[in-house]
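Scroll down for the structure; my scribbles are underneath it.
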2 protein chains.
Amino acid sequence: MDRRQSIVDAARQSFSLYGYKATTMDHVAKIANVGKGTIYTFFSSKEELFEVIVQELIRNVKSLAMNALDPKKAFFENLHRALFAVLEYRQEEEILLRLTREVRDFGTPAATEGLKRIEEAILGFIKRQLELGMENGSILKCDAELVAFMIFKTYVALLLEWNHEERALTNEDIAMAFQRVFAEGLNP
Amino acid sequence: MDRRQSIVDAARQSFSLYGYKATTMDHVAKIANVGKGTIYTFFSSKEELFEVIVQELIRNVKSLAMNALDPKKAFFENLHRALFAVLEYRQEEEILLRLTREVRDFGTPAATEGLKRIEEAILGFIKRQLELGMENGSILKCDAELVAFMIFKTYVALLLEWNHEERALTNEDIAMAFQRVFAEGLNP
DNA sequence: ACTTGACCGTATTCGTCATTTGGTCAATTT
DNA sequence: AAATTGACCAAATGACGAATACGGTCAAGT
């Protein structure tokens, strides 16, 4: 295994366990079994190393979303499937949990920026699906950028902010609400 | 003017300027021109004093929402008018800005709880409007609690989190998006 | 009877010094 | 000659203890 990959793997591990701020380059070097200065032959800074990890996460998210789509299913069902897959990944991927907590607790600039980039990738995916949906007649014409934002924020709020203990939301609850509100609308 | 009201007014002023945490009872006493011990003849604790201010804010929010409704306008236009009024108030009322910032920066428990109570009052208003709308046939049957949550979270995200400098959102943009997505739906 | 502000235990803040960190580069290794 | 290392450095961060502040209390004063 080459050194660059060892360093990237070590960094991913450390960011996952300790977050961005508490990850030291000394520690990354030790995990990777290289001298600290060797890191700087591949990456100009801690931030650039983190950027590589963020790019990785973005690729994973996009891949997950694409793989959740099933050509035989309806537009909104697919959108729900993709979003659910992505947000489920976000709930399980250790490094994302870590970074989310760090941003919430400390507002670390690099972590904040990294998570923002990932969110933008998700929004971009939704926007493209909306545009495709309009082209092939699956949905009516709308402002794709704005609607993507609305859908995403609502979805995230449902998954992360809905806190009624007597009434937990199931995956089906969310899919149905999604269909009811965004697909069908509330007008008689 | 009675002492109790002086104390409440002084507290509102101090919470507005310094937030919950940095507001001291000594300072409130000085603004109100009373001895510190006098505060405790009316309120058993700092939290109880804060609670009175929160109740006030909730009353204001409810009143604003109700006053924005116009019987001659359509359901969603009214809902947008009420939400816009409430969130505009939230953007301008000094104490709410202060508390929001404090929760974001420090997560002060009392401030967090207070803002949550205000949010619940807004959600309650939306839910009631949805229920009334269903009763009089303005909207189709739906899960009022869940839909109120979705509408509110989307609205807040549009007002507070939409950050595209090349494309600021106007009141009309939001009203139209609201109508397009929640009222009409996206299905052909 | 009501009001006050000194007092108290606890919590918080602040200044200081010790330690750590990201990045550098001379020395060492390959 | 090229690649690697880890000691070093200035700046940043953290730990610690003393000083100060805070919410709540109540004896003294009005």
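Atom set for the values below is all heavy atoms of this structure, side chains included, hydrogens, waters and symmetry mates excluded. Quantities reported herein were computed from a predicted structural model and do not represent experimental measurements. Every chain is numbered from 1 and lettered A, B, ... according to where its sequence line falls, protein lines coming before strand lines.
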How close or far is atom [atom2] of [N] from atom [atom1] of [X], stated in whole angstroms?
X	N	atom1	atom2	result
I7(A)	dT4(D)	CD1	C1'	11 Å
D26(A)	dT19(C)	CG	C1'	13 Å
R4(A)	dA3(D)	CZ	C1'	17 Å
K36(A)	dG23(C)	NZ	C1'	7 Å
D2(A)	dT4(D)	CG	P	11 Å
K30(B)	dG5(C)	NZ	C1'	9 Å
H27(B)	dC22(D)	NE2	P	10 Å

Would you please indicate yes or no on a ring centroid separation below 6.0 angstrom for F76(B) and F182(B)?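 They do not qualify: ring centres at least 6.0 Å apart.
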Aromatic ring proximity F84(A)/Y155(A), centre distance under 6.0 Å: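 Judged by ring-centre distance (under 6.0 Å), F84(A) and Y155(A) do not meet the cut-off.
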Near DNA chain D, which residues from residues 16-25 of chain B have a heavy atom under 4.0 Å away?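 Here the set is T23(B), T24(B), M25(B).
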Within residues 37-48 of chain A, which residues have any heavy atom lying less than 4.0 Å from an atom of DNA chain D?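 Residues of residues 37-48 of chain A under 4.0 Å from DNA chain D: G37(A), T38(A).
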Is the F178(B) ring parallel, tilted or perpendicular to the H80(B) ring (thresholds 30°, 60°)?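 Ring orientation, 0 to 90° scale: tilted.
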Check the angle between the aromatic planes of H164(A) and W162(A) and answer parallel, tilted or perpendicular using the 30° and 60° thresholds.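 H164(A) vs W162(A) ring planes: parallel.
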When you group the ILVMFWY residues by side-chain heavy-atom contacts below 4.5 Å and let the links chain together, are I58(A) and I126(A) in the same group?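 Same cluster.
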Side-chain donor or acceptor of R81(B) paired with backbone N/O of L69(B) under 3.5 Å: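 Not at all, since once roles are kept as given, no pair shorter than 3.5 Å links the two residues.
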Does the R98(A) side chain pair with the main chain of E93(A), one donor and one acceptor, at a distance under 3.5 Å?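 Looks like no, no N/O pair under 3.5 Å.
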Check E119(A) with K153(A), please: is the shortest side-chain N to carboxylate O separation under 4.0 Å?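 Looking at E119(A) together with K153(A), the answer is yes, because their closest N to O distance falls below 4.0 Å.
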